[in-house]
There are 2 protein chains.
Amino acid sequence: MKLTSKGRYAVMALVDLAKFNNINPVSLRDISLRQGISLDYLEQIFAKLRKKEIVQSVRGTQGGYILNKKAKEIKLTNIFEAVDEKVKTVQCKKESKKGCNGKPVKCLTHNLWDELESHINNFFNKKSLDDLVKDNEEKSV
Amino acid sequence: MKLTSKGRYAVMALVDLAKFNNINPVSLRDISLRQGISLDYLEQIFAKLRKKEIVQSVRGTQGGYILNKKAKEIKLTNIFEAVDEKVKTVQCKKESKKGCNGKPVKCLTHNLWDELESHINNFFNKKSLDDLVKDNEEKSV
DNA sequence: AGATACTTGACTATTTTAGTCGGGTTTATA
DNA sequence: TATAAACCCGACTAAAATAGTCAAGTATCT
Ligand code: FES
Ligand code: FES
């Protein structure tokens, strides 16, 4: 049960971006330097964020990325989904009637993992990027 | 963010065991057949459960495993801990003042992941093996 | 004695992760 | 118009984690 760096980095980078979003586009190079994340890796991550319309790109010198929505409207769920960091507690296909390993029924614990998944997704649905930025400002005051 | 089979199997096997715990020890072979888990793998898992005193072993013919505590007193947390399925959302050492990659301060998102970790552990602390068995009985009625 | 079942430790194939690398294209600005 | 900053794209790869397997035991019941 662990979080991967991709998800961690995606959120970290977006919080950074949201903080500096006011004036100009923010370049990945800056984010890379400030947050200590490999530039090449960031590019992969932002390609996905762009496809899901969470950020917009501005090409050329002085270019970078800007948020494509209000920070309040970007939930952790959206970010995670964009970078394919999904919460996966069950092994079976959820929709199907079959169980874990293609068994005819759901296993003894299916229900439990399903509950767990909801529990976690609940957390992700509540938190917005805006919340994170604010939490952060408070902390540093 | 995903659950490994080791954790899944450990819980599955223990629910099975708890259901049949009344009379005789339950053999891994039976659990293996009923739950479709490799016997060899189960042995690894039960070795750990035994070390953490969640189950007791009975050797010889008609042997097997029995619970070492009341099902009500075995929480998911205990099971997960026993098989080294830990919830790990942060990358830094929690106790240390340092951040993710040995940076001098905690990163922008440290707080968030810490909250998430508590949120999940909360779930695991509440659920006991007994709850699971009962949920299951209800379902099958 | 034989069968059943736990015990231990090493070994391995597969998958996932966390990147790297090498080539682009676009655009501001000097 | 040259140059450099920045995004864009796809392929590649080393390392780690996962999900087992395998072999060779030991204990106990019948
Ligand atoms: S997790 Fe869905 S059937 Fe086992
Ligand atoms: S997760 Fe703790 S400092 Fe980044």
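Chain identifiers are assigned alphabetically (A, B, ...) following the order of the sequence lines, protein sequences preceding nucleic acid strands; residue numbering begins at 1 within each chain.
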For a quick check of understanding: with a heavy-atom distance under 4.0 Å over all strands, which category does A:K51 fall into, base, sugar-phosphate or nothing?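 Nothing, no heavy atom under 4.0 Å.
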Under 3.5 Å, is there a donor-acceptor pair between the B:D16 and B:Q35 side chains?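 There is such a pair (donor and acceptor under 3.5 Å, judged by atom type) between the side chains of B:D16 and B:Q35.
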Using only heavy-atom distances, determine whether the side chains of A:E85 and A:T4 contain a donor-acceptor pair under 3.5 Å.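 Indeed, the side chains of A:E85 and A:T4 share at least one donor-acceptor pair under 3.5 Å.
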Can you tell which of [options] lies closest to the side chain of [X]?
X	options	result
A:R59	C:dC6, D:dC8, D:dT21	D:dC8
B:Y41	D:dC8, D:dA19, D:dA11	D:dA19
A:L28	C:dG19, C:dC6, D:dC7	D:dC7
A:S38	C:dT25, D:dT21, C:dG19	C:dG19

In this structure, how many angstroms lie between the [atom2] atom of [N] and the [atom1] atom of [X], rounded?
X	N	atom1	atom2	value
B:R8	D:dG20	CZ	C1'	14 Å
B:D40	C:dT7	CG	P	14 Å
A:R50	C:dT25	CZ	C1'	12 Å
A:L39	D:dA6	CG	C1'	9 Å
B:E43	D:dG20	CD	C1'	13 Å
A:I45	D:dC8	CD1	P	15 Å
B:K86	D:dA17	NZ	P	11 Å
B:K2	D:dA17	NZ	C1'	9 Å

Nearest heavy atom decides the nucleotide; on that basis, is B:G60 or B:T4 closer to the 5' end of DNA chain D?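 Mapping each residue to its closest nucleotide by heavy atoms, the 5'-most match is B:T4.
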D:dT30 base / B:T61 side chain donor-acceptor hit below 3.5 Å: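 No, no donor-acceptor pair under 3.5 Å.
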Ignoring backbone atoms, establish whether A:S57 has a side-chain N or O less than 4.0 Å from OP1 or OP2 of D:dC8.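 So the side chain of A:S57 is within the cut-off, an N or O lying under 4.0 Å from OP1 or OP2 of D:dC8.
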Quick check on D:dG20: is either OP1 or OP2 less than 4.0 Å from any side-chain nitrogen or oxygen of B:Y9?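 So the side-chain polar atoms of B:Y9 do come within 4.0 Å of the phosphate oxygens OP1 or OP2 of D:dG20, strictly under.
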Which class fits the ring pair A:Y65 and A:F46: parallel under 30°, tilted 30 to 60°, perpendicular over 60°?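 Rings of A:Y65 and A:F46: tilted, as their planes differ by 30° to 60°.
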Would you call the rings of B:Y41 and B:Y9 parallel, tilted or perpendicular, where under 30° means parallel and over 60° means perpendicular?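 Ring orientation of B:Y41 relative to B:Y9: perpendicular.
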Separation of B:L17 CG from B:I54 CD1 (nearest 0.5 Å):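 Going from CD1 on B:I54 over to CG on B:L17, the span is 11.5 Å.
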Quick one: on DNA chain C, does A:Q62 or A:G7 contact a more 5' nucleotide (nearest heavy atom)?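 First, find each residue's nearest nucleotide; the 5'-ward one identifies A:G7.
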Between B:F46 and B:Q91, who's closer to the 5' end of DNA chain C by nearest nucleotide?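 Per heavy-atom nearest nucleotide, the more 5' residue is B:F46.
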